[in-house]
Amino acid sequence: MTDSDDKMMGPADIRRILNLLPHRYPMLLVDRVESMVRDTSIHAVKAVTINEPFFQGHFPDRPIMPGVLIIEALAQAGGVLAIESLGLAGSGKLVYFMGIDGVKFRKPVEPGHLLDLRVTILQAKRNICKFEGRAMLGDQLATECQFTAMIADPPSD
């Protein structure tokens with residue numbers, strides 16, 4: 001097995017995601033990891049259904065996934081990548097947003113869409129990572145952004 005094979009990870013189901021992220025319903029926005037190359041990139045998926053709680057008010061007659069939640073889904077995929085890359089699964093560490101740059105919304109995300117979340121690490125230093133994220137609907141770009149996150153212990157009580 002080569003070094004690149006060691007970094008490659010195949011599909012991960014919801015049980016693995018729940019082990020990597022502290023998010024739970026209704027804030028868990030990653031349903032599956034299709035593939036991941038540790039320290040490099042991830043391809044995750046969010047199946048968008050009419051049962052999402054935000055569709056009750058955004059917008060009842062024309063349901064559209066809020067842009068901030070698309071960005072959150074990208075950030076959660078980045079969190080999976082960071083936690084897995086650093087070997088921190090089950091450690092209780094959290095991934096906190098620090099900044100979001102260059103956000104562009106290109107296409108609305110609606111119930112029935114399969115949202116492909118593609119996140120790449122641009123830079124990683126100690127406990128801070130800068131990512132590039134693209135949310136895709138098939139071959140069409142829905143949302144793109146860069147974001148920075150910090151991996152840290154949860155706040156003490």
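For this chain, numbers begin at 1 and follow the sequence in order. Basis for what follows: all heavy atoms, side chains included, without hydrogens, waters or symmetry-related copies.
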- Item | More than 12 heavy atoms of other groups within 6.0 Å of E110 CD | yes
- Item | Lys/Arg-Asp/Glu bridge criterion (N-O < 4.0 Å) met for R32, D13 | no
- I50 and P63: which non-hydrogen atoms are nearest, and at how many Å? CD1-CG, 4.0 Å
- Query: Do I151 and L94 share a hydrophobic cluster (ILVMFWY, side-chain heavy atoms under 4.5 Å, transitive)?
  - Reply: no
- Chi angles and distances behind the side-chain contact (heavy atoms from CB on, under 4.5 Å) call for L114, V48: CA-CA 6 Å; L114 194 62; V48 182; over 6 Å; no
- Message: I want to check something: taking the side chain as every heavy atom from C-beta on, are M65 and L115 in contact at a cut-off of under 4.5 Å?
- Response: yes
- Would you call E144-K104 a salt bridge at under 4.0 Å N-O? no
- Message: Keeping S41 on the side-chain end and T120 on the backbone end, is there a donor-acceptor pair under 3.5 Å?
- Response: no
- Note: E52-K46 ion pair, threshold 4.0 Å (strictly below): yes
- Task: Would you please classify the geometry between the F97 ring and the F147 ring as parallel, tilted or perpendicular, with 30° and 60° separating the classes?
- Result: perpendicular
- Message: Do N127 and Y96 make a side-chain contact, defined as non-hydrogen atoms from C-beta onward lying under 4.5 Å apart?
- Response: no
- Query: Does the side-chain contact (heavy atoms from CB on, under 4.5 Å) test come out yes or no for L21 and I83, once each step is laid out?
  - Reply: CA-CA 8 Å; L21 294 178; I83 294 294; 5.5 Å; no
- Query: Do L86 and M36 sit in the same hydrophobic cluster, where Ile, Leu, Val, Met, Phe, Trp and Tyr count as joined when their side-chain heavy atoms come under 4.5 Å apart?
  - Reply: yes
- Item | Heavy-atom pair with the smallest gap, counting every atom of V95 and G79 | CG2-CA, 4.0 Å
- Query: Would L29 and H23 satisfy side-chain contact (heavy atoms from CB on, under 4.5 Å), going step by step from the backbone distance to the final call?
  - Reply: CA-CA 8 Å; L29 299 174; H23 305 77; over 6 Å; no
- Above 12 or not: heavy atoms from other molecules or residues under 6.0 Å from CZ of R24? yes
- Message: I'd like to know if E132 pairs up with R118 as an ion pair, taking the criterion as any Lys NZ or Arg NE/NH1/NH2 lying under 4.0 Å from an Asp or Glu carboxylate oxygen.
- Response: no
- Could you go through the side-chain contact (heavy atoms from CB on, under 4.5 Å) check for R16 and N19 one step at a time? CA-CA 5 Å; R16 180 72 180 150; N19 188 46; 3.2 Å; yes
